[in-house]
Amino acid sequence: MKYLFLIIILVYSFNSSAQTIEKDSVSGLYQAQGILEFENLKADLIFSKAKEWITLNYRSANDVIQLADKESLKIINKGNFKSDMFMKEGSIFHTLILEFKDGKLRYTYTDFSYYSKGSGELSFESKNLAFKKSLIKSTEKDIKESIEKLKKYIQNSNKKDDW
């Protein structure tokens, strides 16, 4: 009985922390989506801190932020993850949509494509994309790391700094 309980806890822990990229049933595009919760933080503060994080973590915030609307509490960001898949340097392009409510942030990664000089740009939906499962697994890891950094930044920014 102890082992069954342990297995259930391990499976639940793995599934709740795993970020998966799946095809959206409506759009047919691959996407990854999740919600981060921030107790006692107002939506406009989470919005501002997320925008700060983008500025600090992307090469040029002016180039990647496509929309930052404080009224609708939405940020749309186009970026990429570096990739060394297929033993060549490449990029995984994506769109990141951030939406805000009091105490919550919803993120959606979508519009994935792989680019390298040899292959050109291929969307994740393309039938010509080789090693798709490996590419998706690598992208899931990048998303998980990115979201963890975003969450830590927002959580730590709530602390007072008396400089």
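Sequential numbering from 1 along the given sequence is applied to the chain's residues. Just so it is clear, the model here is predicted, and its values are computed rather than measured.
Q66 is linked by a side-chain contact (heavy atoms from CB on, under 4.5 Å) to I76, K78, counting only residues two or more places apart in sequence or in another chain. With sequence neighbours excluded, no residue forms a side chain to side chain donor-acceptor pair (under 3.5 Å) with N57. In this structure E145 satisfies the salt bridge (Lys or Arg N to Asp or Glu O under 4.0 Å) test together with K141, sequence neighbours excluded. Contacts of K70 classified as side-chain contact (heavy atoms from CB on, under 4.5 Å), with partners at least two apart in sequence or in another chain: D44, F47, S48. Residues satisfying the side-chain contact (heavy atoms from CB on, under 4.5 Å) criterion with T55, sequence neighbours excluded, are A61. Partners of E52 according to the salt bridge (Lys or Arg N to Asp or Glu O under 4.0 Å) rule, which considers only residues two or more places apart in sequence or in another chain, are K49.
Linking Ile, Leu, Val, Met, Phe, Trp and Tyr residues whenever their side-chain heavy atoms come within less than 4.5 Å places I75 and L56 in a single cluster. Put simply, I97 and L73 are part of two different groups of oily side chains (I, L, V, M, F, W, Y) that touch within less than 4.5 Å, one to the next. Under the 4.5 Å side-chain contact rule for hydrophobic residues, F124 and F93 do not share a cluster.
Atom CD of residue E89 and atom OH of residue Y115 lie 10.5 Å apart, to the nearest 0.5 angstrom. S138 contributes atom OG, which lies 4.5 Å from atom CD1 of I92 (distance to the nearest 0.5 angstrom). Separating the CG atom in N128 from the OG atom in S119 is a distance of 10.5 Å, to the nearest 0.5 Å. Here K152 contributes atom NZ and I147 contributes atom CD1; the two are 13.0 Å apart, rounded to the nearest 0.5 Å. Here I21 contributes atom CD1 and Q31 contributes atom CD; the two are 10.0 Å apart, rounded to the nearest 0.5 Å. Atoms CD and CD1, from Q155 and I46 in turn, are 10.5 Å apart once rounded to the nearest 0.5 Å.
Minimum heavy-atom separation, K82 to S91: NZ-OG, 3.8 Å. Listed here is the closest heavy atom pair of N77 and I65: OD1-N, 3.7 Å. Nearest approach of G79 to Y58, heavy atoms of both residues: CA-CE2, 4.0 Å.
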**Message:** Would L150 and L105 count as a side chain to side chain contact (heavy atoms under 4.5 Å, CB included) here? Give the steps.
**Reply:** CA-CA 10 Å; L150 172 60; L105 174 157; 4.1 Å; yes
**Request:** Report the C-alpha separation of L98 and W53 in whole Å, then their side-chain angles, then the decisive distance to 0.1 Å, and conclude whether the side chain to side chain contact (heavy atoms under 4.5 Å, CB included) test is met.
**Result:** CA-CA 12 Å; L98 300 174; W53 178 83; 5.8 Å; no
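Judged by distance alone, with hydrogens and angles left aside, the side-chain atoms of K132 form a donor-acceptor pair with the main-chain N or O of S126 at under 3.5 Å. In this structure a side-chain-to-backbone donor-acceptor pair under 3.5 Å is missing from D102 to K42. Judged by distance alone, the side chain of Q33 and the main-chain N or O of R106 form no donor-acceptor pair under 3.5 Å.
The aromatic rings of F112 and Y109 lie parallel to each other, their planes meeting at an angle below 30°, with 60° marking the opposite boundary.
For S113 and E121, the side-chain atoms include at least one donor-acceptor pair closer than 3.5 Å. Side-chain contact check for Y30 and T139: no donor-acceptor pair (N or O, by modelled atom type) lies under 3.5 Å.
Within the 4.5 Å cutoff, no side-chain heavy atoms of L45 are placed close to those of F38.
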